[in-house]
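Below: one structure, written as C-alpha cells.
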Amino acid sequence: MKLLVTGGAGYIGSHTCVELLNENHDVVVLDNLSNSSEESLNRVKQITGKSLEFYKADLLNKQQIAAVFADHKIDAVIHFAGLKAVGESVSTPLKYFHNNITGTLNLLEVMTEFNVKNIVFSSSATVYGDPASLPITEEFPLSATNPYGRTKLMIEAILKDLYHSDKSWNIALLRYFNPVGAHQSGDIGEDPLGIPNNLVPYIAQVAMGFLPRLSVFGNDYDTPDGTGVRDFIHVVDLALGHVKTLPKLLTHKGLMIYNLGTGQGYSVLEMIKGFEKASGKKIPYKVVDRRPGDIGACWADPAKAKKALGWEASKTLADMCQDTWNWQKKNPNGYRQSIKEKREHHIG
Ligand SMILES: NC(=O)c1ccc[n+]([C@@H]2O[C@H](COP(=O)([O-])OP(=O)(O)OC[C@H]3O[C@@H](n4cnc5c(N)ncnc54)[C@H](O)[C@@H]3O)[C@@H](O)[C@H]2O)c1
Ligand SMILES: O=c1ccn([C@@H]2O[C@H](COP(=O)(O)OP(=O)(O)O[C@H]3O[C@H](CO)[C@@H](O)[C@H](O)[C@H]3O)[C@@H](O)[C@H]2O)c(=O)[nH]1
C-alpha cells in the first residue's frame with residue numbers, strides 16, 4: 001500500500017513510519033517541520049534500511065497538499081499533523097483552530113478531489129473529558145476542557161459528518177492514551193522543544209541534569225497514592241496499532257473508533273520509580289498544586305481494538321522507561337547539535 005503520513009516527522013509519526021516500512025508499505029511523509037526535524041526521517045531510513053519520500057509542506061496550503069497527491073497514487077492517509085500542547089492552546093486558541101481544523105479541512109478537500117477516501121485520524125483520550133468511571137470504553141460521552149481537545153472533538157465530528165454524507169469514505173478514529181517511550185534503537189524518540197509539558201520527557205530531562213527537579217502536580221487526587229494516574233502506552237505499541245488498523249479499514253470499511261491504550265494505569269510516583277530504576281538516577285521532585293484542567297485518573301478499556309484489530313499493547317512500564325532513557329542518553333539534545341540550537345529553534 002502507498003500511504004501518506006501527515007506529521008510523519010513528529011514523535012508518533014516517525015515511529016509509525018518505521019513500522020509501516022517494516023511491513024513493506026510505501027511511505028510518503030508531509031510535514032511542515034513546525035514541531036519536528038527532518039533528521040527524524042533520516043533516522044527512520046537508517047533503522048529500517050528503507051527509503052521514503054518527504055515533502056516539506058503545510059496543510060494550510062492546499063496547493064502543496066495537492067502536489068503530493070498529483071505525484072503519488074495514495075491508497076490511504078494517516079493524519080498525525082497538528083498542534084498538541086494543551087497549555088499553548090489555551091493562550092492561542094485561534095492558532096490551534098486554524099492549524100488543526102483548517103489544515104484537516106484542506107486535507108479532506110484535496111483527498112476528495114483525488115478520490116482518496118481512506119483515512120486514519122489521531123484522536124485522543126482527551127475527548128472523554130473527566131470520565132465518570134473507569135476504564136473508558138469508546139461509548140463514553142465526549143467533552144473537551146481546552147481548545148486543543150475541542151479541535152479533536154471537532155475533527156471527529158467533521159469526519160463523522162463526512163462519512164454520513166458519503167458512505168464510500170473509510171475512516172478510523174484512533175483515540176490514543178498517553179504515548180511514551182522510544183524506538184528500541186534509541187535513534188528516534190520524543191524531542192520536545194523548550195521545557196517539556198508532559199511527564200515522561202520532563203523526568204528524562206531531570207535525570208540528565210538539564211532540569212533541577214520535577215514538580216508533581218497534586219497528591220490529593222482520589223487515586224491510590226494521591227498523584228495522577230494515566231494509561232501510558234509505549235509509542236511502538238501505538239505505532240503497531242496503526243499498522244493493524246489499515247487492513248481493517250480497507251476490508252471492513254466504514255467508520256470505526258478505537259481506544260489505543262494498555263488498560264493499565266500508573267501514577268506519577270510509579271513513573272518516577274520506574275524511571276529511577278531504568279536510569280539508575282535519583283529523580284528529585286516536589287509536590288505542588290494541581291495543574292488546572294488536569295483530571296485525576298484515566299485509563300482505557302482496549303478490548304474493542306483487541307477484538308476487531310487483533311492488536312494489544314505488549315510493552316511494559318520497564319520497557320517504556322528503559323527506551324526513553326536510552327534515547328535521551330544517546331541524544332541529549334534530541335535531533336539537534338546542541339541545547340542552544342534546540343532553544344533557538346523553539347524561539348524562532
Ligand atoms: N503525544 C501525545 O501525547 C498525543 C496524545 C493523543 C493524541 N496525539 C495526537 O497525535 C498526533 C501526533 O502527535 P505527536 O505527539 O507525534 O506530535 P508531534 O508534534 O511530534 O507531531 C506532529 C507533527 O505535525 C506537524 N505539523 C503540525 N502542523 C502542521 C501543518 N499545518 N502542516 C504540516 N505538518 C504539521 C509537526 O511539524 C509535527 O512533526 C497529533 O495529532 C496529536 O494531537 C498525541
Ligand atoms: O511536570 C509534570 C507533568 C505532568 N505531571 C502529571 O503527570 C500526569 C500526566 O501528564 P501529561 O504527561 O502532561 O499528560 P496528560 O495531561 O494526561 O495529557 C496527555 O495525554 C492526553 C491524552 O492522550 C493528550 O490528549 C494530551 O495532549 C497529552 O498532553 C498528570 O497527572 C500530570 O498532572 C506532573 O505531575 N508533572
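Residue indices begin at 1 and follow the sequence shown.
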Reported [atom1]-to-[atom2] distance for the pair [X] and [Y], which is rounded to 0.5 angstrom:
X	Y	atom1	atom2	answer
Glu19	Ile47	CD	CD1	9.0 Å
Asn170	His252	CG	NE2	9.0 Å
Ser267	Ile272	OG	CD1	8.0 Å
Gln322	His234	CD	NE2	10.0 Å
Leu174	Met256	CG	CE	9.5 Å
Leu162	Lys167	CG	NZ	11.0 Å

Check ion pair [X]-[Y] (N to O, under 4.0 angstrom):
X	Y	result
Glu39	Arg336	no
Lys84	Glu190	yes
Glu276	Lys282	yes
Glu156	Lys160	yes

Pairs touching residues 126-162 that satisfy ring-ring contact (aromatic ring centres under 6.0 Å, His included), sequence neighbours left out: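 Applying ring-ring contact (aromatic ring centres under 6.0 Å, His included) to every pair that reaches into residues 126-162, excluding sequence neighbours, yields nothing.
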Any ring-ring contact (aromatic ring centres under 6.0 Å, His included) pairs touching residues 160-184, not counting sequence neighbours? Tyr176-His242
Walk me through whether Lys306 and Glu312 qualify under salt bridge (Lys or Arg N to Asp or Glu O under 4.0 Å). CA-CA 5 Å; Lys306 183 176 179 188; Glu312 68 182 318; 3.6 Å; yes
Donor-acceptor pair between [X] and [Y] side chains, under 3.5 angstrom:
X	Y	result
Asn24	Lys50	yes
Asp231	Thr262	yes
Asn331	Arg43	yes
Lys2	His72	yes

Geometric cation-pi criterion, Arg175 with Tyr258: 6.0 Å, 45°: no
Would you please test Ser122 and His79 for side chain to side chain donor-acceptor pair (under 3.5 Å) and show each step? CA-CA 6 Å; Ser122 299; His79 178 31; over 6 Å; no
Beyond-backbone contact of [X] with [Y], side-chain heavy atoms, under 4.5 angstrom:
X	Y	answer
Thr16	Val5	no
Ile171	Phe121	no
Asp225	Val268	no
Leu3	Ile74	no
Leu260	Trp311	yes

Counting only N and O atoms by type, is there a donor-acceptor contact under 3.5 Å from the side chain of [X] to the main-chain atoms of [Y]?
X	Y	answer
Asn326	Gln184	yes
Ser215	Phe217	no
Gln205	Leu211	no
Tyr96	Ala85	yes

For Glu38 and Lys56, what are the C-alpha separation, side-chain angles and deciding distance, and is it a salt bridge (Lys or Arg N to Asp or Glu O under 4.0 Å)? CA-CA 9 Å; Glu38 195 178 343; Lys56 182 170 187 298; over 6 Å; no
Report the relative orientation of the aromatic rings in Tyr335 and Trp327; use parallel for angles under 30°, tilted for 30 to 60°, perpendicular for over 60°. tilted
With side chain to side chain contact (heavy atoms under 4.5 Å, CB included) as the criterion, how do Val77 and Val120 come out once you've worked through the C-alpha distance, each side chain's angles and the decisive distance to 0.1 Å? CA-CA 6 Å; Val77 176; Val120 178; over 6 Å; no
Under a single-linkage definition using a 4.5 Å side-chain heavy-atom cutoff for Ile, Leu, Val, Met, Phe, Trp and Tyr, are Leu52 and Val28 assigned to the same hydrophobic cluster?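 Cluster IDs for Leu52 and Val28 differ.
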